[in-house]
Amino acid sequence: MSDPRPDQSPDPTRQAFYDRIASSSLTPLWEVLKSLVAKEPKSAAVAHCWRWADVRPFVLEAGSVISAAEAERRVLILENPGLPGQSRITNTLYAGLQLILQGEVARAHRHTQSALRFVVEGSGAYTAVDGERTLMRPGDFVITPSWAWHDHGNETQEPMVWLDGLDIPIVGFFEASFAEGFEAELQTQAKPVGDSQARFGEGLLPLGHVRTNAASPVFNYPYARSREALEKLRRSGPLDACHGLAMRYANPLDGGWAMPTIGTWLHLLPKDFSGAPYRATDATVFSCVEGTGRVYVFAPGGKLESFEFGPRDIFVVPSWQWRRFEATSDCVLFAFSDRPAQEKLGLWREMRGNG
Ligand code: 1HN
């Protein structure tokens, strides 16, 4: 793919040719080949950290700017500074912080975009998915599958904030967006709380179950259980040189990712962990649940960034940029990316550096 005229405008004869073929809706590949087929990923997105102390006041202030009823979903979008105006945190994923105040509901609707919720502050508000409510506590990972009816409500005495992650840019790219409102504000409760967990989440499955959905039938993965597992496993090791202890959320039907387009997992980084560099093609969003640490991100061109993080801080690392972690105290990170989608398309790659 050598370019005889790098960074120059084409010669006049060629340009005249391009102008003539343009009226037939044709353009020359050779003028754009290198940018179309890059030698390696060059993300327009940048590494960024949203500190909870900075954003929390704005999220709460949004509660006096608009009601949940008027907003439908009262969310401040976490917009990647390298992708302004695009409502996305990575090139393929949307993220936002949703506030639901005591006594409020977020009316029922459904859409083809899949959503995850990761509870950041407050405890005990519910989300209902296809007629089943689940109560959400800090660190719980909750799924709203594509085309599932969902509404939220906060019957507690305090505000609740969670991180939303959606595959909006992916669905947009495929031009496959459908959405509709439910006939009523809330769904009727067709199943008791805990039904999905009992049916699919206890190492048992209904005999003869026929799979109908690409997402996991378990839609709340409570933090208490995940945290207990991490605590047991940290003692038996081994720790991964890059990831520390890393465990992904799995669909009990097949062991695959919990969601078809968004991969989710947890890291436990023990105090004084100093990780080796790592990069992968899936730009990743991290939400610190517990503890403190630092992430170093090496952007192309040798630019080194580092963010200190603590509980409820959220940061993003773009595709194919080196990152490494240090923990200053025992630290748990929740992470999500488009890895399942890339894997299905045969695109996902990773690379490990030396520590
Ligand atoms: C949505 O349905 C929710 O259900 C949150 O809580 C954020 C962002 C864009 C489109 C739909 C929710 C959303 C969303």
Side-chain angles (χ1 to χ4, degrees), residues 50 55 58-59 62-63 65-80 83 85-122 124-138 140-156 159-187 213 215 219-221 258-262 264 285 287 314 316 334 336 338:
W50 290 263
V55 298
F58 293 134
V59 171
V65 169
I66 194 164
S67 67
E70 195 188 346
E72 182 144 348
R73 297 295 188 265
R74 191 201 288 112
V75 181
L76 296 185
I77 299 173
L78 300 170
E79 189 171 80
N80 192 292
L83 307 169
Q86 298 184 39
S87 303
R88 57 185 78 179
I89 191 163
T90 71
N91 200 45
T92 54
L93 295 174
Y94 158 104
L97 286 167
Q98 179 158 178
L99 170 71
I100 181 156
L101 295 172
Q102 46 275 44
E104 282 187 328
V105 298
R107 58 174 302 115
H109 68 196
R110 64 177 176 177
H111 36 71
T112 47
Q113 292 81 359
S114 304
L116 68 83
R117 329 278 169 199
F118 190 73
V119 180
V120 178
E121 186 176 290
Y126 70 82
T127 190
V129 173
D130 280 341
E132 180 182 339
R133 285 188 183 183
T134 186
L135 297 177
M136 300 188 285
R137 298 184 178 81
D140 288 2
F141 159 55
V142 177
I143 299 172
T144 307
S146 175
W147 209 237
W149 292 111
H150 56 288
D151 55 75
H152 318 300
N154 184 351
E155 295 172 353
T156 75
M160 183 147 168
V161 180
W162 63 74
L163 172 64
D164 283 316
L166 285 90
D167 55 8
I168 292 171
I170 298 177
V171 175
F173 183 71
F174 287 116
E175 299 183 320
S177 177
F178 293 89
E180 61 185 16
F182 193 59
E183 67 230 17
E185 188 173 49
L186 301 178
Q187 302 167 73
N213 201 309
F219 72 107
N220 188 347
Y221 292 75
M259 301 171 71
T261 48
I262 308 180
T264 50
V285 180
S287 171
I314 294 162
V316 60
F334 170 76
F336 69 94
D338 64 10

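Just follow the structure's listing: the first ligand is 1, and inside any ligand the first atom is 1. Both backbone and side-chain heavy atoms feed into the values below; hydrogens, waters and symmetry mates do not.
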Which pairs of nitrogen or oxygen atoms, taken one from ligand 1 and one from the protein, are under 3.5 angstrom apart?
from     : atom 1 : to     : atom 2 : distance (Å)
ligand 1 : 2 (O)  : His109 : NE2    : 2.7
ligand 1 : 2 (O)  : His111 : NE2    : 2.7
ligand 1 : 2 (O)  : His150 : NE2    : 3.4
ligand 1 : 4 (O)  : Arg73  : NE     : 2.7
ligand 1 : 4 (O)  : Arg73  : NH2    : 3.4
ligand 1 : 4 (O)  : Arg117 : NH2    : 3.2
ligand 1 : 4 (O)  : His150 : NE2    : 2.9
ligand 1 : 4 (O)  : His152 : NE2    : 3.3
ligand 1 : 6 (O)  : Arg73  : NE     : 3.0
ligand 1 : 6 (O)  : Gln98  : NE2    : 2.9
ligand 1 : 6 (O)  : Arg117 : NH1    : 2.9
ligand 1 : 6 (O)  : His152 : NE2    : 2.6

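In this structure a side-chain-to-backbone donor-acceptor pair under 3.5 Å is missing from Ser177 to Val171. No donor-acceptor distance shorter than 3.5 angstrom exists from the side chain of His111 to the backbone of His109, with no hydrogens or angles considered.
In this structure, Leu76 and Trp50 have side chains that are not in contact, with every pair of non-hydrogen atoms separated by 4.5 Å or more. Using a 4.5 Å cut-off on side-chain heavy atoms (C-beta onward), Glu121 and Pro159 make no contact.
For the atom pair Ile89 CD1 and Asn80 CG, the distance stands at 7.0 Å (nearest 0.5 Å).
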Kindly indicate, with the supporting measurements, whether the criterion side chain to side chain contact (heavy atoms under 4.5 Å, CB included) is fulfilled by Asn154 and Leu101.
CA-CA 6 Å; Asn154 184 351; Leu101 295 172; 5.6 Å; no

